[in-house]
Amino acid sequence: MFRPEPDAFRPTKESIMEAGAIMHTEEDHKDTLCGIGPFKPPWLQKLARKEVYLFVYCLVGLMQGMFFTYTVSVLSTLEKRFKLTSKQTGTILCGNDISQVILAMLLGYFGNYGNRPRWVGFGVLSASVSCFVAAIPHFAYGPGQDAIDIVESMSGVNDLTRNLSTGSKKKVELCYTQVDGSCTHDGVLGPSVESTGPVILFFVSQFFVGIAISLFYSIGVTYMDDNVSKKTYPIYYSITLLLRILGPVLGYLVGGKCLATWIDPAHHPNLTKRDPRWLGAWWLGYVFIGCGLAFAGSFLFLFPRHLPATLHRQAKRVVRQASRDQTEGGKGRGIGYFASLARTKKIQAERPNMRNLWLALKRLFTNKIWVGNLFNTVVAVLAFSGYWNFKPKYLENQFRKSATEANYYTGMASMTSVVLGTGIGGVTLRWVRPRPRLVAGYNIFVTLFLAGGFLSLMFIGCPKLKVVGPVEGASGPGCSSECGCSERYSPMCSEDQATVFYSPCIAGCSKVNTSVSPIFAAEDAPQKTGGGWGSSGYCPEPCDTFFYYLIAQIIIKTISSTGRVGSSVIHLRSVREEDKGLALGTMTVFISLFGFLPAPIIMGAIIDSACLVWDRSCGHTGNCWLYDSDQFRTIIHLVPAVLVFISVIGDIVVYYYSDQLDLYGDKDDDVEMERTEAKTEDAKPLNTQKEEDFLE
């Protein structure tokens with residue numbers, strides 16, 4: 001519980017200056033100057049404050065968060081544009097995890113001994129380059145033949161027999177259409193060749209983003225923790241979470257806005273955004289986010305190795321130790337003694353080398369609290385990653401939402417729940433300051449609640465969409481038996497506004513009017529009787545459960561977010577000060593290797609098993625157009641529910657050993673005093689190893 005500091009222990013300004021003069025060298029003070037090289041003007045030093053770093057750190061986090069969720073938001077569009085399966089897009093997303101597995105541990109360890117803001121800045125610039133790499137496929141391969149065909153065919157009133165007589169090769173799915181069956185279109189490469197290059201570029205882009213993530217979430221966090229007191233760290237960390245959550249939210253919103261624009265902004269085809277054939281400008285957001293990352297990351301290069309307030313806090317701690325030594329039965333050794341010890345500790349601190357790295361890793365993996373937290377985090381990430389990567393796609397297919405709507409609702413639900421939940425968690429830890437065991441016990445409740453929440457979402461959905469046509473081995477209606485229909489999926493709602501046909505051709509339509517919205521197709525052939533008409537896209541969805549799904553998700557995520565700050569503080573306080581960077585870097589490696597890396601591939605392959613209609617052209621299987629919605633809904637919720645339930649084992653381990661934690665820094669001075677007394681009673685002189693043990 002909170003223990004107020006006695007007046008006798010409160011350092012004076014003079015005593016702090018005395019301790020600082022002994023502890024800190026001229027080099028230490030140079031390491032607190034803002035700027036690069038000789039450019040360190042006096043006016044810039046006013047910005048060497050933790051509040052300024054917090055602002056820049058949050059700005060960078062916001063832009064990086066935008067990149068990740070923006071990629072997720074355009075995933076279904078990338079699949080349609082480049083004819084990719086969910087397993088292939090899952091593989092693309094693994095690129096950043098592979099780089100984290102290779103580099104995160106080393107960057108977290110060695111980067112902790114350098115100028116950490118500049119290391120993070122280097123990572124942010126690499127992420128900026130990654131954004132531009134991700135946009136290259138559009139400029140290299142263009143909007144794609146499907147988009148070109150749609151733009152060319154959807155203007156005015158088209159009679160397909162007339163189009164064909166004039167030599168048109170437009171792929172409009174009507175009865176009596178003779179579709180060009182070649183595997184190239186006016187010099188454009190076929191689908192199998194055209195998809196390979198983009199996959200490689202997207203993978204490379206994700207790989208370099210992994211470098212930025214490794215640095216940002218390891219040494220970027222430790223820099224803030226080292227420059228903020230332990231008592232106020234929870235509220236600062238809450239602020240970073242609250243502001244950084246705007247990044248993922250804005251990523252979804254930017255994705256929705258870009259996907260509302262046609263893939264080639266110079267054209268505006270008469271196609272509704274809810275039509276599954278709609279292709280949005282997926283590449284546009286990458287250019288915007290890349291510029292934002294370059295701007296925000298450049299400020300990090302100006303921050304010093306240490307903030308000036310850090311030296312002040314170190315001196316203040318030494319004075320407080322001396323005061324306790326004098327007033328609590330110590331030997332009255334004074335400020336000079338403790339300041340000299342602190343300086344010696346800094347000089348003899350571990351230097352970054354492979355031997356010390358091995359010793360530090362040994363300390364981590366024999367730390368039961370850290371290992372328990374590691375297990376819980378890795379398994380939980382394995383559960384969440386697969387779900388969040390394909391959530392917009394799930395909303396599109398389950399509730400028949402457009403890509404724009406799916407991203408908008410996903411972003412708003414995330415912002416509402418995480419801001420509220422994280423805010424409550426941070427305020428509670430800062431001012432209520434619950435005991436460590438209570439914090440760890442609450443995390444067990446949150447984990448079990450999450451598992452139950454995923455199970456409940458499994459029962460909220462829409463009825464399975466029934467499509468008339470070649471779906472699940474079914475044949476088309478008799479009226480289209482002689483129409484020569486292709487396998488291209490182009491859904492059409494009949495005039496009863498309830499029946500969905502596989503395509504206008506399957507419905508027997510032979511004429512189309514593209515001057516109206518939605519596009520109007522009709523049956524107009526002499527041998528047909530009765531006629532009929534329909535409109536492009538799906539029929540109006542009578543299902544109204546989307547609202548309940550959204551509300552349930554907000555409630556679940558709000559409650560689960562209240563435990564995020566506590567979990568982070570437990571992780572940092574369970575290890576030594578010098579091991580924090582390595583602890584975060586090692587956790588990043590394990591999260592990437594066993595969580596982020598396999599999750600999208602596994603979930604993508606499982607989701608592909610629920611596909612009913614594949615895009616097939618020239619013998620190549622592309623993206624999935626239609627899923628079994630019941631199977632999709634079960635898969636995407638049951639898998640994470642089971643994994644989250646398993647992760648509670650790690651929470652239980654943390655709870656069992658949590659009493660030994662010092663979450664708020666209350667025991668720091670007492671521990672130092674106990675070690676001081678123990679060592680000064682020893683008559684032997686302090687050698688290097690003993691002094692190191694004494695000062696830990």
#### Entry: Donor on one side chain, acceptor on other, Lys393 and Tyr627, under 3.5 Å
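Side-chain D/A pair, Lys393 to Tyr627: present.
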### Task
Would you please say whether a donor-acceptor pair under 3.5 Å links the side chains of Thr562 and Tyr442?
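There is such a pair between these side chains.
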### Query
Given the side-chain rings of Tyr57 and Tyr223, with only the six-membered ring counted for Trp, is the space between their centroids under 6.0 Å?
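Not under 6.0 Å, so no.
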### Message
Between Phe365 and Phe590, is the ring centroid distance below 6.0 Å?
### Response
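Ring centres of Phe590 and Phe365 closer than 6.0 Å.
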Is a donor on one side and an acceptor on the other found under 3.5 Å between the side chain of [X] and the backbone of [Y]?
X      : Y      : value
Gln88  : Thr85  : yes
Lys80  : Trp278 : yes
Ser128 : Gly290 : yes
Arg81  : Ser76  : no

[atom1]/[X] to [atom2]/[Y] distance, rounded to the nearest 0.5 angstrom?
X      : Y      : atom1 : atom2 : answer
Leu450 : Phe445 : CG    : CZ    : 9.5 Å
Asp659 : Arg435 : CG    : CZ    : 7.0 Å
Arg363 : Asn367 : CZ    : CG    : 10.5 Å
Leu84  : Thr196 : CG    : OG1   : 9.5 Å
Glu79  : Asp615 : CD    : CG    : 11.5 Å
Tyr70  : Leu259 : OH    : CG    : 6.0 Å

#### Entry: Single hit among Phe632, Phe384, Tyr549, Phe390 for ring-ring contact (aromatic ring centres under 6.0 Å, His included) with His637
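That would be Tyr549; it is the only one of Phe632, Phe384, Tyr549, Phe390 passing the ring-ring contact (aromatic ring centres under 6.0 Å, His included) with His637.
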Over all atoms of both residues, closest heavy-atom pair of [X] and [Y]:
X      : Y      : result
Gly563 : Asn443 : O-OD1, 3.6 Å
Val654 : Ile369 : CG2-O, 3.6 Å
Tyr394 : Ile460 : OH-O, 4.0 Å
Ile635 : Ser609 : CD1-OG, 4.1 Å
Ala212 : Gly123 : CB-O, 2.9 Å
Phe67  : Ser205 : CZ-OG, 3.7 Å

### Query
Is the number of heavy atoms from other residues, nucleotides or ligands under 6.0 Å of Phe288 CZ greater than 12?
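Counting other residues, nucleotides and ligands, CZ of Phe288 stays at 12 neighbours or fewer.
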### Query
Does CZ in Phe645 sit with more than 12 non-hydrogen atoms of other residues, nucleotides or ligands closer than 6.0 Å?
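Open.
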Is there a side-chain contact between [X] and [Y] (heavy atoms, below 4.5 Å)?
X      : Y      : result
Cys58  : Leu54  : yes
Tyr387 : Val644 : no
Ile213 : Phe68  : no
Thr71  : Gln206 : yes
Phe454 : Val639 : no
Gln398 : Cys462 : yes
Ile556 : Ser456 : yes
Val378 : Leu382 : no

### Query
Salt bridge or not for Lys464 and Asp630, using N-O below 4.0 Å?
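Answer for the salt bridge query: no.
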### Message
Determine whether Asn397 and Ser629 satisfy the following criterion, side-chain contact (heavy atoms from CB on, under 4.5 Å), listing intermediate values before the conclusion.
### Response
CA-CA 7 Å; Asn397 288 273; Ser629 58; over 6 Å; no
### Query
Do Phe399 and Thr545 pass the side-chain contact (heavy atoms from CB on, under 4.5 Å) test, and can you show the C-alpha distance, the side-chain angles, and the key distance before you say yes or no?
CA-CA 8 Å; Phe399 301 101; Thr545 58; 3.5 Å; yes
### Message
Phe202 vs Leu78, test: side-chain contact (heavy atoms from CB on, under 4.5 Å). Steps then yes/no.
### Response
CA-CA 10 Å; Phe202 287 132; Leu78 292 178; 3.6 Å; yes
### Message
Name the residue from Val653, Asp651, Ile646 that meets the side chain to side chain contact (heavy atoms under 4.5 Å, CB included) definition with Phe375.
### Response
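Looking at Val653, Asp651, Ile646, the match for Phe375 under the side chain to side chain contact (heavy atoms under 4.5 Å, CB included) is Ile646.
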### Message
Would you call the rings of Trp282 and Phe82 parallel, tilted or perpendicular, taking 30° and 60° as the class edges?
### Response
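Trp282 and Phe82: perpendicular rings.
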### Task
Could you walk me through whether Val74 and Cys258 pass the side-chain contact (heavy atoms from CB on, under 4.5 Å) test, one step at a time?
CA-CA 9 Å; Val74 301; Cys258 292; 6.0 Å; no
